[in-house]
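All remarks here apply to the structure that follows.
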Amino acid sequence: MDAHEMVNRIRHGKDLTAAEWLDIKAEILEFLDSDAPKEEKELFAPFGYLEVVCMMCDDFGE
């Protein structure tokens, strides 16, 4: 999944399950370790959509 697809899932993710949020978090972390362009990585870190996903995962006690 590319960066913009992940962002769309997060932005429209009001009906996502806890497992889906955890999957998204794992995908983002994998994406950040990839050789993707810096501009795309900046969508997630620092202070980007990864922070939102981490807060959602924290709400689920994960």
Taken to the nearest 0.5 Å, the spacing of L32 CG from L43 CG works out to 10.0 Å
What pairs with F31 under ring pair (Phe, Tyr, Trp, His ring centres under 6.0 Å), at least two apart in sequence or on another chain?
F44
To the nearest 0.5 Å, atom NZ of K25 lies from atom CG of D58 at 6.5 Å
Got a second to check how far I28's CD1 is from S34's OG, nearest 0.5 Å?
12.0 Å
For the CD atom on E30, are there more than 12 heavy atoms of other groups (residues, nucleotides or ligands in this structure) within a distance under 6.0 Å?
no
Distance in Å, M56 CE paired with Y49 OH, rounded so as to fall on 0.5 Å steps:
14.0 Å
Do you know the tightest heavy-atom contact between A3 and E40?
CB-OE1, 3.8 Å
E20 side chain to T17 backbone, donor-acceptor under 3.5 Å:
yes
Using the rule given for side-chain contact (heavy atoms from CB on, under 4.5 Å), can you reason through V52 versus R11, listing the C-alpha separation, both sets of side-chain angles and the distance that settles it, and then say yes or no?
CA-CA 10 Å; V52 172; R11 291 173 76 187; over 6 Å; no
NZ of K41 to CG of L50: how many Å apart, nearest 0.5 Å?
13.0 Å
Stepwise side-chain contact (heavy atoms from CB on, under 4.5 Å) check, L16 with I10:
CA-CA 9 Å; L16 295 174; I10 295 165; over 6 Å; no
